[in-house]
Structure formats: structure tokens, C-alpha cells
There are 2 protein chains.
Amino acid sequence: MATRAGRQGGQGVNEIPLPALFTQAKDVTLAVLHRRLDEEGFEGIRYSHGAVFRFIDAEGSRLTVLAERSGLSKQALGEVVTELERHGYVERTTDPDDHRAKIIRLTERGTEAQVAAARILGDIERRWAQHLGRDRITGMRRVLEEVVRFERG
Amino acid sequence: MATRAGRQGGQGVNEIPLPALFTQAKDVTLAVLHRRLDEEGFEGIRYSHGAVFRFIDAEGSRLTVLAERSGLSKQALGEVVTELERHGYVERTTDPDDHRAKIIRLTERGTEAQVAAARILGDIERRWAQHLGRDRITGMRRVLEEVVRFERG
DNA sequence: CGTAATTCGTCAGGCGACTTGACAATACCG
DNA sequence: CGGTATTGTCAAGTCGCCTGACGAATTACG
């Protein structure tokens with residue numbers, strides 16, 4: 001409904017701009033992921049929660065560590081953790097060895113959500129592979145990774 | 001600094017999740033685009049400004065039309081237009097045929113910015129093609145487009 | 001025609017997702 | 001010990017978007 005082409009630059013730039021293309025790909029993927037998670041009973045999960053699910057250690061991790069790994073400020077990550085805690089996906093415990101720090105740990109439900117998310121993302125990619133070609137999808141992955149590495153120097 | 005792998009799900013999900021991958025690709029592309037635009041003297045341009053640059057007609061367009069095409073609310077787009085106006089990239093004129101409506105038009109500087117952005121994005125893609133392979137880049141484009149179409153289908 | 005319904009753009013307020021600054025509690029080090 | 005660094009939280013602000021409400025202008029209709 002909003003797809004337009006042509007008419008842009010001076011010469012014929014008929015392609016959708018790269019940033020928009022990447023954004024659309026992200027958005028559709030995320031929409032499917034969150035819908036499925038919701039259907040499986042994992043409610044209230046949002047994009048930024050991935051900062052915890054992706055980077056947390058099996059034994060639990062400190063807030064500061066998660067903030068570093070995800071690139072978020074510790075304040076922002078603290079907020080994310082509070083929200084996940086409210087939904088029962090993680091719990092905060094004071095580190096017995098360092099009473100300043102708290103250890104963030106996945107609850108059982110949190111681990112289930114983590115596993116489900118990984119499985120769903122795998123399903124999505126497999127479905128794409130079936131419909132569009134296995135090599136093309138794995139190729140896209142590799143090219144994207146290389147592009148990111150290339151531009152970051 | 002934040003790249004981690006392994007340890008996620010239960011089985012070995014060693015790949016970076018798709019949404020994160022797409023986001024990173026978008027971010028690096030946008031960083032290069034905005035840096036170059038800035039270097040060429042086109043300052044203050046942000047991601048959302050693309051909603052105007054991408055969808056505006058050569059003769060100018062109504063706010064409502066741009067909002068529809070871009071998928072933003074007309075309020076949000078109005079704000080974007082105000083900002084572009086302040087930077088001298090567009091101008092608002094009351095439609096002589098319909099005094100409720102206003103026509104948004106690119107100024108000369110605005111058109112130059114539009115052309116520059118298209119050129120820079122083309123340069124980026126060409127540079128990727130040189131370093132990573134022409135076919136792989138155009139392949140990535142096509143796969144992304146098909147993926148988006150597939151999931152919206 | 002006159003009036004009612006619709007459309008255009010803007011103002012106001014709110015929310016989500018971040019940021020920086022400041023700070024108490026705790027730990028580390030010479 | 002006393003000074004310094006670290007951990008996590010509170011507070012406040014920004015940014016980019018949203019919905020609701022509205023005046024002004026236009027269109028539809030009885």
C-alpha cells in the first residue's frame with residue numbers, strides 16, 4: 001500500500017533504498033517472531049528484550065555485562081530487566097560475592113522463551129529457504145555479515 | 001565490542017539472529033549515508049526524512065499523500081516536513097485549488113540532497129559489489145525483496 | 001442553495017525506548 | 001584505614017512516533 005517506485009533522483013533510481021529494505025526485512029521478521037511467541041503463550045516480549053535473551057550466560061549475568069554486550073546503557077538495560085522480571089522471564093539476585101552487583105538469571109519460563117525464540121527464528125529461515133532457495137538464504141546471511149564487518153572496518 | 005556467539009538456545013544456535021543482522025546492516029548503511037551527506041554540506045538529515053525524499057512527486061505532494069505513501073501518520077510527517085523546511089530542503093505552499101491543503105515541494109537544495117542521497121547509496125552498493133562480489137550484492141537485494149514480499153503476501 | 005458530512009493539516013498530550021547526570025552502597029587498593 | 005573505583009538505581013530529558021481533538025475549507029445532498 002505504500003510501495004512506490006520511480007520518480008526519485010534525477011536518473012532512474014528504481015530500487016528501494018537499502019536502509020528501507022533492511023528495515024522492512026527486520027520488521028516482517030520481528031512481526032512473525034512476536035506473533036508466534038505470543039501464540040505459544042510468551043507474551044509481552046519486545047525487540048529490546050533480545051538484549052537479555054541473546055547475551056545472558058547460562059549461570060546468569062550482571063547487569064553491567066549485559067549492558068556492555070548489547071551496547072545499551074546500564075540504565076536502559078535495567079529497565080528492560082525490570083520488565084522481563086515483571087513478566088516472569090528473569091529474576092534478580094544479589095551476588096553473594098559482591099553485594100553491589102546483582103545477577104540476572106533466566107527463570108525456567110525465561111529459558112523456554114529463549115528456546116522458543118531461537119526455534120521460531122530457525123523456522124522462519126527454513127521456510128524462506130524452502131520457498132526462495134536454500135543457497136540464496138544462506139548467501140544473504142553471509143553477505144549481510146560481511147557487509148557489516150566491512151563497514152565497521 | 002558486543003559481538004557474542006554461542007551459548008544461546010539449547011541446541012547450538014551460533015548465528016546472529018535475523019532481526020539483529022538486518023538492524024546492523026541498516027545502521028552501518030545509514031551511518032555512511034549520513035556522514036557523506038554531511039560532508040557534502042547536506043546537514044541535519046535523518047532517517048525519517050527519507051519519507052519525504054523517497055515519496056515526493058516532482059511537482060510537489062500533499063502532506064496526506066506523503067503520509068500514506070510512507071506509512072507514517074500525517075502528524076508525524078508534518079513534523080518531518082517542518083524540520084526539512086527549517087533546513088531549507090522543502091517549502092510549504094497552500095494549494096490554490098483547495099485551501100485546506102498545502103503542497104510540499106522540494107527546494108533546489110532539497111533536490112540536490114535527494115540526488116546526492118541516491119548517488120551515495122549507489123556508491124555504497126557499488127563499493128560492496130567490488131569487495132564482496134557483484135552477483136552476491138544484487139542477489140542479496142533480490143532475496144531481501146522477495147522475503148519481504150513473501151511475509152507480507 | 002443551506003446545512004451536514006467529509007477532508008486537510010495542526011495542536012496537544014502520551015508513550016516507548018533510549019540518553020546523561022547524580023548518587024548511595026559496596027568493594028578494592030596503597 | 002581513607003581514597004578511589006564500580007554496581008545498579010533514581011531522576012529528568014530527548015527523540016520519534018502514536019491517537020485524539022479540532023478549526024478551516026471543501027464536497028455531498030435533501
Side-chain angles (χ1 to χ4, degrees), chain A residues 2 19-20 23-24 26-27 30-31 34 43-57 59-87 89-105, chain B residues 2 19-20 23-24 26-27 30-31 34 43-57 60-87 90-105:
Chain A
T23 299
Q24 287 176 19
K26 185 204 87 173
D27 288 346
L30 227 47
H34 288 153
E43 287 157 35
I45 293 187
R46 291 200 329 273
Y47 178 62
S48 56
H49 296 166
V52 171
F53 286 122
R54 283 178 64 196
F55 297 118
I56 196 167
D57 292 304
E59 338 84 63
S61 300
R62 290 191 177 183
L63 186 80
T64 306
V65 170
L66 292 179
E68 253 172 47
R69 290 181 183 169
S70 67
L72 293 183
S73 65
K74 53 187 184 172
Q75 294 91 328
L77 204 117
E79 184 55 37
V80 168
V81 167
T82 300
E83 207 173 315
L84 286 171
E85 202 177 21
R86 224 182 304 127
H87 282 83
Y89 295 117
V90 303
E91 54 192 7
R92 263 188 251 244
T93 332
T94 302
D95 186 337
D97 300 337
D98 183 344
H99 281 227
R100 291 169 306 178
K102 300 195 178 162
I103 311 245
I104 320 293
R105 259 193 217 82
Chain B
T23 300
Q24 286 176 20
K26 185 203 89 173
D27 288 346
L30 227 47
H34 289 155
E43 286 158 35
I45 293 187
R46 290 199 335 267
Y47 178 61
S48 57
H49 296 164
V52 170
F53 286 122
R54 283 177 65 198
F55 297 118
I56 196 167
D57 292 304
S61 299
R62 289 190 178 184
L63 185 82
T64 306
V65 170
L66 293 179
E68 255 171 47
R69 290 181 183 169
S70 67
L72 293 182
S73 65
K74 54 187 184 172
Q75 295 91 328
L77 204 118
E79 185 55 37
V80 168
V81 167
T82 300
E83 208 172 313
L84 286 171
E85 202 177 22
R86 224 182 305 127
H87 283 83
V90 304
E91 55 193 6
R92 262 189 251 244
T93 332
T94 302
D95 186 337
D97 300 337
D98 183 344
H99 281 226
R100 292 169 305 178
K102 300 197 176 161
I103 310 240
I104 320 294
R105 262 194 214 82

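Below, chain A is the first sequence line, B the second, and so on; all start at residue 1.
The closest side-chain heavy-atom distance from B:I104 to B:E85 is not below 4.5 Å.
No side-chain N or O of B:R62 forms a donor-acceptor pair with one of B:T64 less than 3.5 Å apart.
Straight-line distance from the CD atom of B:E83 to the P atom of D:dC17: 10 Å, rounded to whole Å. Taking atom CG on B:L84 and atom P on D:dG16, their separation rounds to 12 Å, with Å as the unit. Remark: P of C:dG9 and CD of B:E68 are 11 Å apart, rounded to the nearest angstrom. When rounded to the nearest whole Å, the span between CD1 of A:I45 and C1' of C:dG16 equals 17 Å. Straight-line distance from the CD atom of A:E79 to the P atom of C:dG16: 10 Å, rounded to whole Å. Rounding to whole angstrom units, CG of residue B:L77 and P of D:dC15 are separated by 18 Å. A straight line from CG of B:L66 to C1' of C:dT7 spans 16 Å, rounded to a whole angstrom. Look at OH on A:Y47: it is 17 Å from C1' on D:dC17, rounded to the nearest Å.
At distances below 3.5 Å, not a single donor-acceptor pair connects side-chain atoms of B:H87 with backbone N or O atoms of B:L84.
Residues that satisfy the side-chain hydrogen bond (donor to acceptor under 3.5 Å, both in side chains) test with A:E43, not counting sequence neighbours, are absent from this structure.
Below 30°, between 30° and 60°, or above 60°: for A:F53 and A:Y89 the angle between ring planes is above 60°, a perpendicular geometry.
Side-chain N/O atoms of A:R46 include none lying less than 4.0 angstrom from OP1 or OP2 on C:dC18. Contact annotation: B:R62 side-chain N/O to C:dG9 OP1/OP2 distance is not under 4.0 Å. Between A:S48 and C:dC18, a side-chain N or O to OP1/OP2 separation shorter than 4.0 Å is present. Dashed line: the shortest gap from a side-chain N or O of B:T64 to OP1 or OP2 of C:dT7 is not under 4.0 Å.
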Requested in this report: Please step through side-chain contact (heavy atoms from CB on, under 4.5 Å) for the pair A:D57 and A:R69, ending with a clear verdict.
Outcome: CA-CA 11 Å; A:D57 292 304; A:R69 290 181 183 169; 3.2 Å; yes

Requested in this report: Take B:R105 and B:T93 through the test side chain to side chain donor-acceptor pair (under 3.5 Å) and record every step on the way to the result.
Outcome: CA-CA 8 Å; B:R105 262 194 214 82; B:T93 332; 3.2 Å; yes

Report summary line: Per-nucleotide protein contact along nucleotides 19-27 of chain D, 5' to 3', at a 4.0 Å heavy-atom cut-off (B base, S sugar-phosphate only, - neither), is BB---BBS-

